[in-house]
Amino acid sequence: MIRVQREDFDTGKELERLSAGDHTIGGVASFVGLVRDLGGPDQVSALSLEHYPGMTEKKLAEIEAEANRRWPLSASLVIHRYGRLEPGDRIVLVATASPHREAALAACHFLIDWLKTDAPFWKSEETPEGERWVEACAEDDAATRRWR
Amino acid sequence: MIRVQREDFDTGKELERLSAGDHTIGGVASFVGLVRDLGGPDQVSALSLEHYPGMTEKKLAEIEAEANRRWPLSASLVIHRYGRLEPGDRIVLVATASPHREAALAACHFLIDWLKTDAPFWKSEETPEGERWVEACAEDDAATRRWR
Amino acid sequence: MSAPVKLLYFAWLRARVGQVEEEVPLPAEVHDVAGLLDWLRGRGPNYAEALRDLSVIRVAVNQNYVGNEHPVHPGDEIAIFPPVTGG
Amino acid sequence: MSAPVKLLYFAWLRARVGQVEEEVPLPAEVHDVAGLLDWLRGRGPNYAEALRDLSVIRVAVNQNYVGNEHPVHPGDEIAIFPPVTGG
């Protein structure tokens with residue numbers, strides 16, 4: 001399941017719901033992305049996340065379908081927030097449930113790596129000098145290429 | 001942090017606590033292991049988890065220390081339950097927090113793989129034919145060897 | 001007359017182009033993404049500056065990422081943006 | 001007389017041996033894990049049966065996994081169990 005929303009989410013409840021009632025599930029893997037404040041001269045007071053409504057949902061659904069093709073998942077969930085977020089706030093939740101631990105872990109890793117390079121979101125940071133758009137990072141591209 | 005306990009845990013609260021107040025954390029990865037009921041003629045009505053008090057805590061602490069040596073973690077948590085558990089019940093929680101997504105994901109994967117082969121726990125299943133001790137699986141050994 | 005194309009701009013392209021979205025008739029000589037970007041650059045200094053370095057520009061046609069040689073047709077939804085940075 | 005060793009049994013070894021733990025004086029001729037297992041097998045059919053197949057037996061001395069050649073000393077805590085199956 002895919003959700004793109006401004007509101008926060010309750011990680012515990014989402015994980016609980018993902019496996020509820022299905023006793024063939026042996027493991028639930030998850031990743032929660034948080035807004036970092038690295039301190040120093042570039043101190044970030046807040047992030048703003050913009051996205052491409054319509055295409056965002058389409059890409060996330062494609063990424064989720066690909067994970068389900070590659071691994072035997074019982075359930076999967078991607079929640080991505082947009083709008084203004086402060087350090088410590090949750091940005092994204094990826095969760096996967098499977099009878100098999102390795103499938104859940106690998107699919108979760110795949111989903112967050114792939115999402116980072118394929119979902120049309122853009123971050124800008126509020127800094128003392130004003131808005132600054134975050135630049136894409138080569139490390140993320142490398143992480144996604146691993147799965148190709 | 002290591003906890004070996006009979007009681008259930010609240011995944012959401014544990015994850016929240018792991019990253020609370022530390023705004024250098026960019027990601028929290030977690031794995032929750034659940035009791036499976038695979039159905040069929042071998043239907044499992046419950047599991048019983050026995051462990052080696054003293055050595056369990058020692059091995060889990062060693063595994064956690066090794067993860068912290070290998071990856072730059074801001075925090076880590078392993079909770080493992082013992083006693084009688086029914087299908088759908090949580091058995092284990094592994095969670096890792098790091099400034100870097102890859103570190104959190106890799107360390108979480110490492111911890112659950114390693115724990116599976118190194119922590120002195122033994123599962124027995126309640127079946128219609130009585131108690132049956134679960135046999136160790138070669139797949140788990142292979143998963144752990146990957147990290148050596 | 002054929003349908004216009006809908007152009008969408010995201011992230012820093014919005015401020016540089018000075019638009020969030022616009023509908024423009026597709027010139028007869030524009031057949032692909034490369035041609036469209038070339039034509040856009042000729043529409044004013046804001047476009048020329050925003051689209052100067054194509055290595056930091058990505059394009060989606062009808063919500064699919066495409067390369068420079070991808071065809072564009074009247075009625076297409078064409079989004080122009082920098083590399084994504086979500087997650 | 002020197003201190004006894006403390007023997008702990010886990011999982012199906014408990015039922016087969018018929019003990020959870022016991023303290024026994026270490027025989028003078030036992031110097032390592034292999035020697036201990038050998039000596040235990042001679043203590044009765046329950047031990048002989050439980051320790052018949054060493055490929056499914058693991059040993060920890062003082063809460064560290066050890067191999068057959070590991071020395072054992074009076075006062076050691078020696079746990080005998082099948083391969084672990086937690087997580």
Side-chain angles (χ1 to χ4, degrees), chain B residues 2 4 31-36 44 47-63 78-83 85 90-94 108-125 130-141 143-144, chain D residues 3-24 26 32-33 36-37 40 46-87:
Chain B
I2 295 301
V4 182
F31 179 82
V32 179
L34 303 169
V35 179
R36 277 198 294 175
V44 174
L47 270 188
S48 199
L49 262 150
E50 184 181 311
H51 76 116
Y52 181 175
M55 183 166 171
T56 307
E57 291 80 357
K58 181 179 184 291
K59 291 312 283 185
L60 290 178
E62 284 174 16
I63 296 165
V78 176
I79 304 177
H80 204 303
R81 297 175 66 191
Y82 60 89
L85 298 171
R90 283 173 279 267
I91 305 172
V92 62
L93 169 66
V94 169
C108 177
H109 201 151
F110 167 86
L111 279 167
I112 185 67
D113 278 355
W114 202 281
L115 177 160
K116 280 253 171 193
T117 53
D118 266 38
F121 285 93
W122 299 273
K123 283 193 189 100
S124 64
E125 297 171 340
E131 183 187 70
R132 182 180 55 203
W133 289 94
V134 173
E135 277 181 45
C137 106
E139 230 174 76
D140 286 337
D141 287 334
T144 298
Chain D
V5 292
K6 188 187 205 176
L7 298 175
L8 306 175
Y9 305 98
F10 292 97
W12 51 259
L13 274 148
R14 290 188 166 178
R16 297 217 193 146
V17 167
Q19 299 254 30
V20 169
E21 68 176 77
E22 58 182 332
E23 301 215 343
V24 298
L26 195 62
D32 58 16
V33 168
L36 177 76
L37 294 175
L40 280 171
N46 53 328
Y47 290 95
E49 170 57 20
L51 302 174
R52 197 174 42 82
D53 178 5
L54 293 187
S55 74
V56 292
I57 297 291
R58 300 288 179 271
V59 176
V61 172
N62 299 326
Q63 306 191 349
N64 288 308
Y65 294 114
V66 298
N68 280 333
E69 67 301 328
H70 191 86
V72 294
H73 299 111
D76 281 350
E77 174 178 305
I78 304 170
I80 305 176
F81 43 75
V84 305
T85 56

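Each chain gets a letter, A, B and so on, in the order its sequence line appears, and its residues count up from 1. Values in this document were obtained by computation on a predicted structure and should not be read as measured data. The figures that follow rest on heavy atoms only: side chains count, while hydrogens, waters and symmetry mates do not.
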CD (B:Glu139) with more than 12 external heavy atoms under 6.0 Å: no
Atom CD of B:Glu131: over 12 foreign heavy atoms under 6.0 Å: yes
Heavy-atom side-chain contact between D:Trp12 and B:Ser124 under 4.5 Å: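 Result no, sub-4.5 Å side-chain heavy-atom pair not found.
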Spacing of CZ belonging to D:Phe81 relative to CD belonging to B:Glu50, to within rounding of 0.5 Å: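 Those atoms lie 11.0 Å apart.
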Side-chain donor or acceptor of B:Lys58 paired with backbone N/O of D:Asn64 under 3.5 Å: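 No, the answer is negative, given that no donor and acceptor are paired below the 3.5 Å cut-off.
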Nearest atoms (heavy-atom pairs only) where B:Lys59 meets D:Tyr65: CE-CE1, 3.5 Å
Minimum heavy-atom distance D:Val84-B:Ala119, with the two atoms named: CB-O, 3.3 Å
Chain B contact via D:Ala60 - which portion, at a heavy-atom distance below 4.5 Å: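 Only the side chain of D:Ala60 comes within 4.5 Å of chain B.
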Residues D:Thr85, B:Trp122; criterion side chain to side chain contact (heavy atoms under 4.5 Å, CB included); working and verdict: CA-CA 5 Å; D:Thr85 56; B:Trp122 299 273; 4.2 Å; yes
